[in-house]
2 protein chains.
Amino acid sequence: MPFDPASLTYDANGLIPAIAQDALSGDVLMMAWMNAESVARTLETGRVTYWSRSRKSFWVKGETSGHVQVLREMRVDCDRDCLLVLVEQEGPACHTNRRSCFYTAIREGEEVEILKPMEG
Amino acid sequence: MPFDPASLTYDANGLIPAIAQDALSGDVLMMAWMNAESVARTLETGRVTYWSRSRKSFWVKGETSGHVQVLREMRVDCDRDCLLVLVEQEGPACHTNRRSCFYTAIREGEEVEILKPMEG
């Protein structure tokens, strides 16, 4: 069946959550949002393109930082209201310069930093 | 620093997305929503507990199906507006009886089913 971005279920703001997973390590890197046009652009260009809710504009991941996400595969969940993008991540995915945004673990009730910023 | 569920950033409905990842395989299994109380209950009980938006009630994953998610670790992202839960998943995570909800891949513009329902 041909895939149509319009067939996805978007929220009241026209957005769908997209989880980025490192295609090599399997690490979950980040979660951000897409609208139908960013889904289409991501598939067309092979560069993961989110919708920035704060800037209200398309956000080609890594366009300014160089920390691009090359799309390996996009997957849709059973309810069609969430996306998983398997990516080749260049450098850190997180704006804090860490590989993943999920660098804080809850262990025995305490917040523990489990990832350091990358060097260079 | 002690972790306080109230320190997270919830949306207008008081919810935060929670990504469940298989602690053993690294597979992303599903995404669902939590409110502050389900975050607290998940940490207290070690059973992943979402908030069902359709039923407007707590949803102890697997409570009726037996397909529980035992919490291995909860992680918070940099913006504190998304959670990652590493889980031991009993059986299928998806209501379609598949291991993961992300069983549809987009390949060359076509939707491809990449996971079959589990047996038994």
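Proteins get letters first, then strands, A, B, ... in listed order; numbering begins at 1 in each.
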(message) With ring pair (Phe, Tyr, Trp, His ring centres under 6.0 Å) as the test, pick out the partner of B/Trp51 among B/Tyr10, B/Trp33, B/Phe58.
(response) B/Phe58

Looking at side-chain heavy atoms only, is the closest gap between [X] and [Y] below 4.5 Å?
X       : Y       : answer
A/Gln89 : A/Arg99 : yes
A/Glu37 : A/Thr49 : no
B/Met31 : A/Met31 : no

(message) We want to know whether A/Thr45 and A/Arg47 form a side-chain donor-acceptor pair, criterion being a heavy-atom distance below 3.5 angstrom.
(response) no

(request) Heavy atoms only, distances under 4.5 angstrom: which of B/Asp4, B/Ile114, B/Val112, B/Thr104 has the most pairs with chain A? Name it, please. (result) B/Thr104

Heavy-atom cut-off 4.5 Å, strictly under: side chain, backbone, both or neither for [X] against chain A?
X        : answer
B/Leu43  : side chain
B/Arg107 : side chain
B/Glu111 : both

So which part of [X] gets closer than 4.5 Å to some heavy atom of chain B, the side chain, the backbone, both or neither?
X        : result
A/Ile106 : both
A/Pro2   : both
A/Ile19  : side chain

(request) Determine which residues belonging to residues 62-83 of chain A lie within contact range of chain B, meaning some heavy atom pair is under 4.5 Å apart, and list them by number or answer 'none'. (result) A/Glu73, A/Met74, A/Arg75, A/Val76, A/Asp77, A/Cys78, A/Asp79, A/Arg80, A/Asp81, A/Cys82, A/Leu83

(message) Does A/Glu108, at its CD atom, have more than 12 non-hydrogen atoms belonging to other residues, nucleotides or ligands within less than 6.0 Å?
(response) no

(request) Could you tell me whether B/Glu90 atom CD has more than 12 heavy atoms of other residues or ligands within 6.0 Å of it? (result) no

(request) With rounding to the nearest 0.5 Å, note down the distance linking CG in B/Leu115 to SG in B/Cys94. (result) 9.0 Å

(request) Tell me, please, which residues at least two apart from B/Phe102 pass ring pair (Phe, Tyr, Trp, His ring centres under 6.0 Å). (result) none

